[in-house]
Amino acid sequence: MPSPQVRGMKALADGKVYLVSTDNKHLLAYQGNRLAWQADVVGSCPAVVGPRKISKVLLGPKTILVTVGERTFAEVDTATGSVKVADVPKN
């Protein structure tokens, strides 16, 4: 059962540990004890409906899919930490 206290996950493919910051705005990647990259996911989103914080994270093999607010979606490259944002309009 998922716990609200858990903020991180470890990828089996590359061994990195990915953490959501305590302010729910940044995604961090650690390789061992070293910070590999830090991505300002919420800051990369020009418009957010709902609270300006990371609400969901889905780890894929080469990307991390992140939901910000209610319907803003970002894709983070696991190798570089670069962020691409896609806003889905409400119907």
Side-chain angles (χ1 to χ4, degrees):
M1 179 174 191
S3 167
Q5 302 303 318
V6 176
R7 297 185 353 250
M9 58 197 133
K10 183 174 183 178
L12 298 177
D14 60 9
K16 286 182 183 166
V17 174
Y18 301 98
L19 295 171
V20 175
S21 64
T22 55
D23 64 0
N24 289 325
K25 295 183 180 196
H26 299 86
L27 195 61
L28 299 89
Y30 286 90
Q31 185 76 51
N33 291 332
R34 185 182 64 83
L35 179 65
W37 52 257
Q38 179 175 340
D40 182 5
V41 179
V42 175
S44 299
C45 299
V48 175
V49 175
R52 292 189 59 82
K53 66 177 190 171
I54 295 172
S55 55
K56 294 181 185 174
V57 178
L58 177 65
L59 179 61
K62 296 187 179 189
T63 59
I64 302 170
L65 303 175
V66 181
T67 305
V68 178
E70 295 174 9
R71 63 175 185 260
T72 303
F73 302 94
E75 184 177 291
V76 181
D77 184 300
T78 57
T80 64
S82 64
V83 180
K84 295 179 188 174
V85 179
D87 184 42
V88 178
K90 187 176 182 181
N91 290 335

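We're numbering straight along the sequence, starting at 1.
Looking at heavy atoms from C-beta onward, Leu19 lies out of side-chain contact with Leu27 at the 4.5 angstrom threshold. Here the side chains of Tyr18 and Thr78 are in contact, with some heavy-atom distance below 4.5 Å. For the pair Val42/Ile54, a side-chain contact is recorded, criterion being any heavy-atom separation below 4.5 Å from C-beta on. Residues Thr80 and Trp37 have side chains not in contact (no heavy-atom distance under 4.5 Å, counting atoms from C-beta outward).
Between the Ser55 side chain and the Thr67 main chain, a donor and an acceptor come within less than 3.5 Å of each other. In this structure a side-chain-to-backbone donor-acceptor pair under 3.5 Å is missing from Lys16 to Ala11.
Minimum heavy-atom separation, Ala39 to Gly81: CB-O, 3.4 Å. What you find for Arg52 and Ala47 is that their closest heavy atoms are NH1-C, 4.5 Å. Residues Ser44 and Pro46 share a closest heavy-atom pair of O-CD, 3.4 Å.
Note: the hydrophobic cluster containing Leu59 also contains Val68 (ILVMFWY, side chain heavy atoms under 4.5 Å, direct or indirect links). Connection of Val85 to Val48 is established within a shared hydrophobic cluster, with ILVMFWY side chains joined at heavy-atom distances below 4.5 Å, either directly or through further cluster members. Linking ILVMFWY side-chain heavy atoms closer than 4.5 Å, directly or via other members, places Met9 and Leu28 in two distinct hydrophobic clusters.
With rounding to the nearest 0.5 angstrom, the CG atom of Leu65 is 6.0 Å from the CD atom of Glu75. Lys84 NZ to Thr63 OG1: the interatomic distance, rounded to the nearest 0.5 Å, is 9.5 Å. Taking CD of Glu70 as the reference point, atom NZ of Lys56 lies at 10.5 Å (rounded to 0.5 Å).
Remark: of the listed residues Leu58, Val76, Val83, Val76 is the sole one forming a side chain to side chain contact (heavy atoms under 4.5 Å, CB included) with Ile64.
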